Asker: 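Just passing along the structure, written as structure tokens.
Below, read A as the first sequence line, B as the second, and so on, with proteins coming before strands; counting in each chain starts at 1. Treat the numbers as computed from the prediction; the structure is a model and nothing was measured.
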Protein chains: 2
Amino acid sequence: MVQPMKLPPLHQEFVLHFGEMGSRWGINRTVGQIYALLFLSSEALNADQITEALGISRSNTSMGLKELQAWRLVRLKHVPDDRKDHFTTPDDLWEIVRILIEERKKREIDPTLSKLRALEMQGPAGDDYSEARISELREMIEMMTDFYEDMARLETEKLVRLMTYGSRLAGLIDKVGGYLPSTKR
Amino acid sequence: MVQPMKLPPLHQEFVLHFGEMGSRWGINRTVGQIYALLFLSSEALNADQITEALGISRSNTSMGLKELQAWRLVRLKHVPDDRKDHFTTPDDLWEIVRILIEERKKREIDPTLSKLRALEMQGPAGDDYSEARISELREMIEMMTDFYEDMARLETEKLVRLMTYGSRLAGLIDKVGGYLPSTKR
DNA sequence: CAGAGCTTTCAGTAATTTCCGAAAGTTCAG
DNA sequence: CTGAACTTTCGGAAATTACTGAAAGCTCTG
């Protein structure tokens, strides 16, 4: 930390925490800090304000904002009578979660799913065991991503209801019965 | 890639892919490769076999295996009449998914949850907006992790049934009605 | 209890990633 | 069109992370 941040203690701690966690989340320290800062800020901030609040270089701020926009976690917002670009985070947390899941899926899962499909296409190329393992993996990933898509389609209110229903869901399904997929081949 | 791998083409491609994806998944290249290799292997492999198959150093293999064991993604398996340690991945994919979610939660979410709680404890320390934002975030994370725990408790068979039920779940909940939590404050 | 066979640790090097300041690029008011 | 205000790009320095070979550390067998 070259420059000290000038922020209220709460913001300061929160920002530093997101900075440290950044590397575990697959983003770097400053990107985490920028996000945290914007997350806690009730108004949109411009790049210079961010640069100053975090004590980082202007270009680093620019890079960080670019990356956060690529993640759709930060948005441009125009402030009347100000030529500078201002940035905010979406304020609906559910939206943020959806975005996070989708973007992580796009980066961390989709490429592998394509690869698995491609490997299966190539036809018999390994032993039976590894081929079976690859198909099984692909099926599992498809099932989970399909389920996520189904859930994502629901309105937030229904989703919340469903989640708070928790483990009782299982009983509900039992009553309805019916569909019985094969889990083991 | 210093040493060429000697593996069947299918394994080779799969292993290389996992290596490349490693960085996105928060593990390094060799760790990804080791996991991929074990995942496709019907028998447990020892460290020397891994070292040779991947063309990496013995110590690197040792480090990688240690990390994978910390993740609980790879296990020791004793092979009769062989003094060397042998390693495998769990073969139940559902178990692997559970482990992955739990470990990621532990590393990527739990520390933040603690931090948020601690910040709330410290009492009024910022503006109203940021305090509200922090509470809201904590509540959301709690709701999601609680839901996950509920789901994780279900037997695999029920879970599969539930997942394939997909969006129809919403209708089901509607019928039962009842619980109506407040989503917005 | 010696030492063969195996595993882990460690210190240094290599590779990668992050970050900065300077320069180039863009946009818009006058 | 010009230049002021702002943003992005770029080359290289600094920091971090990954990897290796060598040495140290275990743990059984005989």
Side-chain angles (χ1 to χ4, degrees), chain A residues 1-5 15-16 18-35 37-38 44-71 74-87 107, chain B residues 1-5 15-16 18-35 37-38 44-71 74-87 107:
Chain A
M1 203 71 7
V2 182
Q3 284 279 336
M5 302 179 195
V15 163
L16 289 178
F18 269 54
E20 281 169 31
M21 293 300 288
S23 50
R24 303 197 192 185
W25 296 335
I27 56 177
N28 67 38
R29 193 172 62 241
T30 36
V31 171
Q33 292 183 349
I34 293 172
Y35 183 77
L37 181 69
L38 293 174
L45 301 178
N46 67 42
D48 286 327
Q49 292 173 306
I50 295 170
T51 299
E52 203 202 342
L54 300 181
I56 59 179
S57 78
R58 187 51 235 286
S59 53
N60 202 1
T61 303
S62 180
M63 295 287 211
L65 286 170
K66 208 171 132 199
E67 185 172 344
L68 285 167
Q69 284 176 285
W71 273 88
V74 155
R75 298 189 177 144
L76 254 171
K77 186 180 180 185
H78 276 292
V79 169
D81 298 330
D82 194 335
R83 228 174 101 188
K84 297 189 182 178
D85 288 343
H86 287 242
F87 301 88
R107 286 152 220 253
Chain B
M1 203 70 7
V2 182
Q3 284 282 334
M5 302 180 195
V15 163
L16 289 178
F18 269 54
E20 281 168 32
M21 294 299 288
S23 51
R24 304 197 190 185
W25 295 336
I27 56 178
N28 66 38
R29 191 174 64 240
T30 36
V31 172
Q33 291 184 350
I34 293 172
Y35 184 76
L37 181 68
L38 292 175
L45 301 179
N46 67 43
D48 286 326
Q49 292 173 308
I50 296 169
T51 299
E52 202 201 344
L54 301 181
I56 59 180
S57 75
R58 185 57 231 292
S59 51
N60 201 1
T61 303
S62 180
M63 297 283 213
L65 286 169
K66 208 173 132 198
E67 186 172 345
L68 285 167
Q69 284 175 285
W71 273 89
V74 156
R75 302 192 173 140
L76 255 171
K77 186 179 179 185
H78 275 293
V79 169
D81 298 329
D82 193 336
R83 233 174 97 186
K84 297 190 184 180
D85 289 342
H86 287 242
F87 301 88
R107 284 152 223 252

Asker: Distance check needed: dT8(D) C1' versus Gln69(A) CD, whole Å only.
Answerer: 12 Å
Asker: Treating Thr61(A) as the side-chain partner and Ser57(A) as the backbone partner, does any N or O pair qualify as donor plus acceptor under 3.5 Å?
Answerer: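 Side chain of Thr61(A) to backbone of Ser57(A), a donor-acceptor pair under 3.5 Å: yes, one is there.
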Asker: If you check every side-chain atom of Lys84(B), which of dT20(D), dT7(C), dT9(D) has the closest atom?
Answerer: dT7(C)
Asker: Atom CD1 of Ile34(A) to atom P of dT7(D): distance rounded to whole Å?
Answerer: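 For the pair Ile34(A) CD1 and dT7(D) P, the rounded distance is 13 Å.
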Asker: Can you sort out the partners of Arg24(A) under salt bridge (Lys or Arg N to Asp or Glu O under 4.0 Å), two or more places apart, ordered by chain and number?
Answerer: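 Once residues adjacent in sequence are excluded, Arg24(A) has no partner under the salt bridge (Lys or Arg N to Asp or Glu O under 4.0 Å) criterion.
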Asker: To the nearest angstrom, how far is Arg29(A) atom CZ from dT16(C) atom P?
Answerer: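 In whole Å, dT16(C) P and Arg29(A) CZ are 21 Å from each other.
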Asker: Relative to the 5' end of DNA chain D, which residue comes earlier, Phe87(A) or Met63(A), by the nucleotide with the nearest heavy atom?
Answerer: Phe87(A)
Asker: Could you check how far CG of Asn60(A) sits from P of dA13(D), rounded to whole Å?
Answerer: 18 Å
Asker: When you get a sec, tell me which of dC19(D), dT8(D), dT7(D) is the closest nucleotide to the side chain of Thr30(B)?
Answerer: dC19(D)
Asker: Regarding Asn28(A), tell me which of base, sugar-phosphate or nothing describes its non-hydrogen contacts under 4.0 Å with the strands shown.
Answerer: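 Answer is sugar-phosphate: Asn28(A) comes under 4.0 Å of backbone atoms only.
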Asker: Please give, in whole Å, the distance from dC6(C) P to Leu76(B) CG?
Answerer: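 Taking atom P of dC6(C) as the reference, CG of Leu76(B) is at 15 Å.
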Asker: Look at the side chain of Arg83(B) and decide which nucleotide, out of dT9(D), dG21(D), dA4(C), has an atom nearest to it.
Answerer: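 Per side-chain heavy atoms of Arg83(B), the pick is dA4(C).
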Asker: Round to the nearest Å and state the distance from Leu68(B) atom CG to dT8(C) atom P.
Answerer: 13 Å
Asker: Kindly say if Ser59(A) contacts the phosphate of dT8(D), meaning a side-chain N or O under 4.0 Å from OP1 or OP2.
Answerer: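 It does not, given that no N or O in the side chain of Ser59(A) lies less than 4.0 Å from OP1 or OP2 of dT8(D).
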Asker: Do Ile50(B) and Gln33(B) come close enough that some side-chain heavy atom pair is under 4.5 Å?
Answerer: no
Asker: Distance check needed: dG5(C) C1' versus Asp82(B) CG, whole Å only.
Answerer: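 To the nearest whole Å, that distance equals 11 Å.
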Asker: Mind checking Asp85(A) for me? I need base, sugar-phosphate or nothing, with any heavy atom below 4.0 Å counting as a touch.
Answerer: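 Since only primed, P, OP1 and OP2 atoms lie under 4.0 Å of Asp85(A), the category is sugar-phosphate.
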Asker: Would you please indicate yes or no on a ring centroid separation below 6.0 angstrom for Trp71(A) and Tyr35(A)?
Answerer: no
Asker: Can you check whether Gln49(B)'s main-chain N or O pairs, donor with acceptor, with Glu52(B)'s side chain at less than 3.5 Å?
Answerer: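 No.
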Asker: Side chains of Leu38(A) and Leu65(A), heavy atoms from C-beta outward: is any pair under 4.5 Å?
Answerer: yes
Asker: Hey, is the side chain of Ser57(B) poking within less than 4.0 Å of OP1 or OP2 on dC19(D), counting only N and O atoms?
Answerer: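 Result: no.
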Asker: Which parts of residues 20-27 of chain A get close to DNA chain C, meaning a heavy atom less than 4.0 angstrom away?
Answerer: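 Here the set is empty: none.
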Asker: Taking side-chain hydrogen bond (donor to acceptor under 3.5 Å, both in side chains) as the criterion, tell me which of His78(B), Lys84(B), His86(B) meets it with Asp82(B).
Answerer: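 Among the candidates, only His86(B) passes.
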Asker: Hey, is the side chain of Lys66(B) poking within less than 4.0 Å of OP1 or OP2 on dT9(C), counting only N and O atoms?
Answerer: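 Lys66(B) to dT9(C) OP1/OP2: side-chain N or O found under 4.0 Å.
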Asker: Can you list the steps and then say if Arg29(A) with Phe18(A) is a side chain to side chain contact (heavy atoms under 4.5 Å, CB included)?
Answerer: CA-CA 8 Å; Arg29(A) 193 172 62 241; Phe18(A) 269 54; over 6 Å; no
Asker: For Ile56(A) and dG21(C), give me the distance from atom CD1 to atom C1', rounded to whole Å.
Answerer: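 The distance from CD1 of Ile56(A) to C1' of dG21(C) comes to 14 Å, rounded to the nearest Å.
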Asker: Within the structure, does a side-chain N or O atom of Arg58(B) lie under 4.0 Å from either OP1 or OP2 of dT7(C)?
Answerer: yes
